[in-house]
Amino acid sequence: MGRIQIALVFLALLGVLAQPACRLGVEPPHRVGGRQALTSLMRALSAERMLGDVARLSGPDMDGRQTGMPGDLASATYVQEQFDSGFSPAGPDGLPSGAGTSELVTAAVSVPRIRGEATVELAVNERTKRLTIGTDFLPVLDSPSVDLLASVVFVGYGIADPARDFDEYEGIEVRDRVVLFLRGTPPGYPTRWSHAQKERAARERGAVAFLTATGPIRSSYELRRGVPAGPLAYYGHPGATDDPALPGAWISTEAAAWLVNGVGSLEAIQATINERLAPRSEALRALARLSWKADRVSGTLYNVVYRQPASGPVRQSGTDAIVIGAHRDHFGQQAGLLFPGADDNASGTAVLLEVARVLREAAPGPLRSLIFVSFSGEEQGLLGSRAYVSHAAFPVDRTAAMINVDHVGVGNGRLTVGVAGLPKEVALVASQLAGLEDKIDVYGYFPGGDHVPFREAGVPTVTVVSGGAHPHFHQPTDVRETVQPAILDAVARYILALVWVLAYNP
């Protein structure tokens with residue numbers, strides 16, 4: 001689309017905001033003023049209040065908010081308390097059911113945990129290195145228990161793809177050994193290989209465990225997102241409970257390079273694989289000892305759903321609601337470490353609460369119903385958002401759009417926005433209304449996050465994250481003190497403007 005066309009779309013959409021209410025098919029009393037009213041609502045946003053929510057949600061009494069654990073219920077109860085006044089739960093047909101308290105929606109889950117102490121020790125020739133948990137390694141959080149000592153084999157990126165003549169296991173024995181593979185895929189490789197695929201390839205060839213690491217040469221995505229050289233917390237099989245798992249750990253780039261050093265520079269080996277798209281696997285003169293206890297317990301997932309009913313003729317268009325969501329869960333207590341999850345995603349939850357607080361005070365209300373959802377289970381495979389879409393509080397086929405807010409507490413001051421099923425100009429108009437037109441980067445569909453089940457169901461989505469590096473992402477250091485109030489304020493203004501465009505001027 002050319003600049004002139006974009007300008008015309010801007011003028012058209014902004015013209016809608018300036019038109020009398022009758023042009024929207026409703027009488028003027030259903031309109032909450034124009035741009036001046038939106039500006040007044042933005043002034044009511046409080047970064048201090050949002051920081052208070054972040055501090056509470058990432059505090060020790062929430063225990064890291066792991067899905068299915070007591071911290072999940074504690075955080076859901078806190079969110080529920082913030083909205084108990086002024087909201088009404090959705091009725092069985094998705095329409096307002098009158099004044100009442102907020103709604104907790106539950107689902108049964110299986111909760112993986114790493115219990116007690118976890119250790120990883122490496123040996124190369126006669127030198128040994130005991131890795132420090134949290135800095136040098138983290139167990140994959142749904143690993144089974146393990147206590148073993150075995151030789152290590154480096155298998156590049158861990159890809160077994162004979163159909164494309166790229167099998168990094170060809171000609172090398174990994175049975176009863178620990179495999180080490182890099183994360184991601186080589187630049188230019190035609191398909192994505194997930195961690196689960198790599199783990200499956202190792203298991204089918206007889207490996208007894210795995211180590212994984214970010215390579216010294218970062219991909220463009222890793223550079224843009226500021227992926228660190230250290231380990232990150234994650235689940236190897238999110239959402240799955242019956243797929244057999246190998247025990248494994250994410251180790252630091254430095255530890256991986258130390259292991260490989262006997263056969264060459266890890267950076268040089270990775271560069272060769274990247275440039276030639278040819279395997280470079282090696283049996284290392286190295287041993288790895290992995291030891292930890294793991295289990296699974298049954299638990300309950302808690303989504304929190306609130307509704308602000310529409311004040312206009314909600315049935316006229318057939319798409320009568322906007323869902324605004326943010327996941328609340330994080331990783332809890334793992335191997336003696338607490339994962340506070342301040343940026344990911346107490347920050348998004350705080351924005352969700354603040355936007356709803358401000359809009360609750362606006363009278364009259366929106367022309368489309370607003371459904372605020374605090375999801376759990378995002379880190380374990382989008383369990384909460386999938387549960388919502390399967391048993392929606394408001395009919396999915398009458399949902400006009402879903403807005404997802406995720407890790408919006410740190411960064412470079414820019415906003416990264418992914419739009420699917422809507423004109424990108426909607427996102428740009430919202431940025432202008434929020435005074436952020438020079439601080440927004442708009443892309444297409446993002447493949448991960450709680451918006452995914454909605455998009456799969458045919459609902460248009462907008463995903464908002466704060467741009468730049470998130471240096472504490474999925475680490476125990478993701479604490480309240482790292483969250484930047486100016487970014488929270490900018491994101492809240494943007495979400496408020498986006499809701500205004502979609503729900504007050506649809």
Side-chain angles (χ1 to χ4, degrees), residues 110 112 137-144 146 150 152-215 217-222 225 227 231-251 253 256 260 266 269-270 273-274 276-282 288 290 294 377-383 386 445-449 452-453 456 474:
S110 175
F137 86 98
L138 283 170
V140 174
L141 299 184
D142 53 359
S143 282
V146 63
V152 183
V153 178
F154 175 69
V155 290
Y157 286 91
I159 297 172
D161 195 0
R164 291 182 174 84
D165 197 28
F166 194 83
D167 185 352
E168 295 181 288
Y169 287 90
E170 185 178 3
I172 194 158
E173 180 59 61
V174 300
R175 184 169 299 280
D176 297 326
R177 291 169 172 79
V178 175
V179 296
L180 166 64
F181 54 79
L182 302 178
R183 303 194 60 76
T185 55
Y189 198 76
T191 62
R192 176 180 177 271
W193 265 66
S194 69
H195 170 86
Q197 287 175 291
K198 296 181 180 187
E199 188 178 323
R200 187 179 306 117
R203 185 180 65 247
E204 289 174 349
R205 287 156 180 79
V208 291
F210 69 87
L211 301 171
T212 186
T214 302
I217 303 172
R218 303 289 196 274
S219 69
S220 58
Y221 171 81
E222 289 169 336
R225 298 302 298 158
V227 174
L232 303 181
Y234 78 110
Y235 298 99
H237 299 262
T241 58
D242 54 357
D243 191 10
L246 276 180
W250 187 328
I251 64 174
T253 305
V260 173
L266 180 59
I269 292 172
Q270 185 184 10
I273 298 171
N274 290 353
R276 299 179 183 176
L277 282 183
R280 177 74 193 280
S281 301
E282 295 273 358
L290 284 65
E378 192 269 353
E379 303 291 4
Q380 292 188 35
L382 315 180
L383 296 179
R386 292 197 183 281
Y445 177 66
F446 290 175
V452 170
E456 291 172 348
H474 284 203

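Throughout, residue positions are numbered sequentially from 1 according to the sequence presented.
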Parallel, tilted or perpendicular: rings of Phe166 and Tyr189 (30°, 60°): tilted
Inter-residue atom distance Leu246.CG - Glu199.CD, 0.5 Å rounding: 5.0 Å
Starting at CG of Leu211, measure out to CG of Leu182 and round the result to the nearest 0.5 Å. 11.5 Å
Residues Ala150 and Asp176: closest non-hydrogen pair is CB-O, 3.7 Å
If you round to the nearest 0.5 Å, how far is OG of Ser281 from CD1 of Ile273? 7.0 Å
Donor-acceptor pair, distance only, cut-off 3.5 Å: does the side chain of Arg203 make one with the backbone of Pro244? yes
For Val155 and Val174 the tightest heavy-atom approach is CG1-CG1, 4.2 Å
Check whether Arg177 reaches the backbone of Arg175 with its side chain - one donor and one acceptor, N or O, closer than 3.5 Å. yes
Would you say Asp167's side chain and Pro162's backbone share a donor-acceptor pair under 3.5 angstrom? no
Nearest heavy-atom approach of Leu138 to Ala233 is CD1-N, 3.7 Å
Is a side-chain donor or acceptor of Thr253 paired with a backbone partner of Thr214 at a separation under 3.5 angstrom? yes
Are Leu141 and Pro112 packed together at the side-chain level, in the sense that at least one heavy-atom pair is separated by less than 4.5 angstrom? no
Smallest heavy-atom separation, Val179 atom then Ala202 atom, equals CG2-CB, 3.8 Å
Could you state the interatomic distance from CD1 (Ile217) to CG (Leu266), rounded to the nearest 0.5 Å? 8.5 Å
When every non-hydrogen atom of Pro453 is compared with those of Leu382, the smallest separation belongs to CD-CD1, 4.0 Å
Starting at NE2 of His195, measure out to NE2 of His237 and round the result to the nearest 0.5 Å. 5.5 Å
Heavy atoms of Val452 and Pro447 approach each other most closely as CG2-O, 3.5 Å
Backbone N or O of Gly248 within a donor-acceptor pair of the Ser143 side chain at under 3.5 Å? yes
Min side-chain heavy-atom separation Pro279-Glu170 under 4.5 Å: no
Between NZ of Lys198 and CH2 of Trp193, what distance do you get to the nearest 0.5 Å? 9.0 Å
In terms of ring plane angle, is the pair Tyr234 and Trp250 parallel, tilted or perpendicular, where the classes change at 30° and 60°? perpendicular
For Glu456, which residues count as a side-chain hydrogen bond (donor to acceptor under 3.5 Å, both in side chains) partner, sequence neighbours excluded? Arg386
Close side-chain approach of Gln197 and Arg192, heavy atoms under 4.5 Å: no
Side-chain (Glu168) to main-chain (Tyr157) donor-acceptor, under 3.5 angstrom: yes
